[in-house]
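What you see below is based on every heavy atom in this structure, not just the backbone, and it leaves out hydrogens, waters and symmetry mates. In what follows, every chain begins at residue 1, and chains take the letters A, B, ... in the order their sequences are listed.
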Number of protein chains: 2
Amino acid sequence: MKTNPRNPEVPQSEEAFLAGYDSSRFPRPSVAIDLVLMTVEDGELRVLLLQRQEHPARGKWAMPGGFVGIDESVDGAARRVLKEKVRLSGIFVEQLYTFGEPDRDPRTRVISVAYFALVTAHTLRAALKSQAKEQLTLATIHTPWAGERGGAVEVRDGTGTGLQLAFDHAEILGVAVKRLRGRLKYSPIAYQLLPDEFTLRMLQTVHEAILSRELNKDAFRRRVLGLGEVKATGRLESDVDHRPAELYRHCPVTNE
Amino acid sequence: MKTNPRNPEVPQSEEAFLAGYDSSRFPRPSVAIDLVLMTVEDGELRVLLLQRQEHPARGKWAMPGGFVGIDESVDGAARRVLKEKVRLSGIFVEQLYTFGEPDRDPRTRVISVAYFALVTAHTLRAALKSQAKEQLTLATIHTPWAGERGGAVEVRDGTGTGLQLAFDHAEILGVAVKRLRGRLKYSPIAYQLLPDEFTLRMLQTVHEAILSRELNKDAFRRRVLGLGEVKATGRLESDVDHRPAELYRHCPVTNE
DNA sequence: ACAGCATATATGCATATCGCATCTATGTCA
DNA sequence: TGACATAGATGCGATATGCATATATGCTGT
């Protein structure tokens with residue numbers, strides 16, 4: 001057991017410790033946020049990555065991140081980074097997990113609160129088009145594991161070439177995919193990845209991309225319609241070379 | 001939108017920011033952990049609380065916590081606090097959620113990573129008996145909300161008197177109960193709250209205490225036995241004034 | 001105009017699960 | 001020895017799901 005720099009404080013209660021806490025006495029870790037921004041495009045689950053221009057991990061890919069200001073909430077820092085680096089706001093953002101190993105960043109002690117965000121591919125592409133200054137990409141996520149197991153994942157660019165992730169970002173992304181899969185069945189999270197009006201086939205494609213497996217079409221339709229979370233609009237999709245399907249809307253069901 | 005102390009850094013990339021980061025230039029928040037240590041005793045879900053001896057929130061009840069050292073992992077800090085304040089180690093501990101509102105602690109900026117831990121009431125009572133120096137209690141948790149909704153909770157001592165929780169600890173505890181309920185169905189978490197050998201009735205009681213509702217006995221038995229996660233020992237419980245039930249053991253099923 | 005095609009949408013059926021009720025078994029205790 | 005409380009097993013209807021089949025409809029090529 002290594003020496004604890006706060007050993008002299010051990011006999012104190014938390015309260016005494018806090019009351020006598022001298023903020024300059026012990027070094028504090030930096031606190032950052034990392035943003036796992038995912039979308040479904042062309043039937044694939046994808047994540048926004050930036051290629052690092054500087055050492056360390058130069059040339060590797062990382063998810064956007066930033067430090068938490070002393071006067072802003074951690075959630076607020078996540079929304080700020082989303083706005084500053086991706087030019088997006090108002091989309092679904094949820095805290096994922098906090099990564100706090102001392103050596104996860106080679107330069108200094110950084111504790112990172114990871115967030116995952118979801119947005120339609122259309123909205124994301126529009127936001128990215130307005131600022132092509134940074135080297136960024138929408139990479140496809142491949143999970144070597146099935147179900148909701150979790151673990152590190154692989155990412156590939158449009159040509160199928162594998163991309164190297166910086167730091168512990170492969171692990172972070174794995175946790176994000178695991179969380180996303182776990183929430184899919186019991187929360188209306190998939191609608192974050194669809195436009196306001198969508199067909200049941202589009203909804204199923206989103207589910208299949210997230211779960212990385214095919215679903216039974218009829219059971220899927222029955223379950224979705226039975227949940228009462230979608231409402232038929234009466235309108236039909238257009239610009240398809242086959243029979244157009246009916247368009248639905250997500251109607252959040254009141255939690256009685 | 002309030003002024004961001006790091007506005008001058010905005011045009012920089014994360015990488016440039018990190019590379020040129022001067023650790024003395026911007027104030028860093030303190031990082032702490034809070035430990036939600038829960039157990040099931042007398043068919044009730046209970047949580048370990050300490051009464052605060054100092055201001056602020058003097059006299060109110062709080063969950064044990066402590067600061068994260070500069071050289072220890074956040075998980076390690078949680079295990080250390082568990083060991084130092086509760087004299088327990090080797091039990092189930094899992095990260096819960098990070099609470100990062102700027103005003104959640106009135107003294108200074110503290111970002112807290114909450115953990116939840118589970119242990120049998122027997123083990124916890126034994127650990128507490130060896131150190132009655134601090135004002136602590138095992139309070140019963142009452143959730144005004146049903147299902148897995150979440151929200152603040154109430155705690156009461158053995159006489160049914162409500163206890164006031166300090167800071168945002170009612171919210172933290174609510175998130176812990178919500179997480180515990182959500183995990184119950186799909187993870188073998190309940191066995192953390194039972195001795196090595198237990199009856200199916202004891203297992204059901206743990207589930208009912210966590211969910212705060214009664215379960216169908218036969219359906220519960222069938223589901224548990226069907227999952228193949230328990231193994232009959234052939235032995236029977238003793239010291240009961242009725243027909244003794246068979247004792248079972250938890251046998252972790254191999255994730256194929 | 002019309003046949004063919006691809007997909008949408010609806011229906012039927014076997015199976016598995018779950019809630020509920022009923023029945024039997026087995027220990028303690030008066 | 002019998003009442004009693006709980007353990008443990010069985011049957012049944014309702015519901016969800018996987019799979020197959022049948023029908024509907026817009027588009028396209030001839």
Side-chain angles (χ1 to χ4, degrees), chain A residues 42-43 146-148 181 184-188 190 194-195 197-250 253 256, chain B residues 42-43 146-148 181-182 184-188 190 194-195 197-250 253:
Chain A
D42 301 335
E148 300 175 13
R181 287 189 181 175
L184 191 58
K185 194 167 184 177
Y186 306 100
S187 103
L194 290 168
E197 300 196 350
F198 51 85
T199 66
L200 294 182
R201 163 60 72 184
M202 289 162 70
L203 180 60
Q204 184 176 350
T205 298
V206 166
H207 276 74
E208 290 176 339
I210 292 173
L211 298 175
S212 202
R213 66 183 177 90
E214 294 187 352
L215 298 174
N216 182 279
K217 178 179 157 186
D218 305 287
F220 183 82
R221 288 177 60 89
R222 268 180 305 195
R223 189 172 58 243
V224 168
L225 294 175
L227 285 175
E229 283 191 330
V230 296
K231 192 175 57 181
T233 64
R235 284 182 295 281
L236 300 180
E237 64 179 337
S238 54
D239 298 323
V240 287
D241 62 349
H242 52 77
R243 171 179 172 181
E246 186 165 12
L247 290 169
Y248 287 79
R249 280 181 164 278
H250 174 52
V253 63
E256 81 287 0
Chain B
D42 300 336
E148 299 175 13
R181 288 188 181 175
L184 191 57
K185 194 166 185 178
Y186 307 99
S187 102
L194 290 168
E197 299 196 352
F198 51 85
T199 67
L200 295 181
R201 163 59 72 183
M202 290 162 71
L203 180 61
Q204 183 176 349
T205 298
V206 166
H207 276 76
E208 290 176 339
I210 293 173
L211 298 175
S212 201
R213 66 183 177 90
E214 293 186 352
L215 297 174
N216 182 277
K217 175 182 156 186
D218 306 286
F220 183 81
R221 288 177 59 89
R222 268 179 307 193
R223 190 173 57 244
V224 169
L225 294 175
L227 285 175
E229 284 190 330
V230 297
K231 191 175 55 180
T233 64
R235 283 183 295 281
L236 300 179
E237 65 179 338
S238 55
D239 298 326
V240 288
D241 62 349
H242 53 78
R243 172 180 172 182
E246 186 165 12
L247 291 168
Y248 288 79
R249 280 181 164 277
H250 174 52
V253 63

Of Leu200(A) and Asp241(B), the one whose closest nucleotide on DNA chain C sits nearer the 5' end is Leu200(A)

Separation of dC19(D) atom P from Arg223(A) atom CZ, nearest Å, is 13 Å

Please report, rounded to the nearest Å, how far the C1' atom of dT25(D) is from the CD atom of Glu237(A). 12 Å

Nearest heavy-atom contact between Arg181(A) and Ile210(A) is NE-O, 2.9 Å

Could you state the CD-C1' distance from Glu246(B) to dA9(D), rounded to the nearest angstrom? 14 Å

Minimum-distance pair of heavy atoms, taken over all atoms of Leu236(B) and Glu246(B): CD2-CA, 3.6 Å

Given atom CD of Gln204(A) and atom P of dT9(C), what is their separation to the nearest angstrom? 12 Å

Would you say a side-chain N or O of Arg201(A) is under 4.0 Å from OP1 or OP2 of dT7(C)? no

How close do His250(B) and Glu229(B) get, heavy atom to heavy atom, and via which atoms? ND1-O, 3.1 Å

Rounded to the nearest Å, what distance is computed from the CG atom of residue Leu247(B) to the P atom of nucleotide dA7(D)? 12 Å

Rounded to whole Å, please give me the gap between CG in Leu227(B) and C1' in dC18(C). 13 Å

Of the listed dT9(C), dT7(C), dT17(D), the closest approach to the His242(A) side chain comes from dT7(C)

Is Arg221(B) close enough to dA7(D) that one of its side-chain N or O atoms is under 4.0 Å from OP1 or OP2 there? no

Would you call the rings of Tyr186(A) and Tyr186(B) parallel, tilted or perpendicular if under 30° counts as parallel and over 60° as perpendicular? tilted

Roughly, in whole Å, what's the span from CG in Asn216(A) to P in dT21(D)? 14 Å

Starting at atom CZ of Arg235(B), determine the distance to atom C1' of dG27(C), rounded to an integer number of angstrom. 19 Å

When you match Arg243(B) and Arg222(B) each to their closest nucleotide on DNA chain D, which lands nearer the 5' end? Arg243(B)

So which one's nearest nucleotide on DNA chain D is more toward 5', Asp218(A) or Leu236(A)? Asp218(A)

Looking at Glu208(B) and Leu215(B), what are the two nearest heavy atoms and their distance? OE2-N, 2.9 Å

Report yes if a side-chain nitrogen or oxygen of Lys217(B) is closer than 4.0 Å to either non-bridging phosphate oxygen (OP1 or OP2) of dT6(D); otherwise report no. no

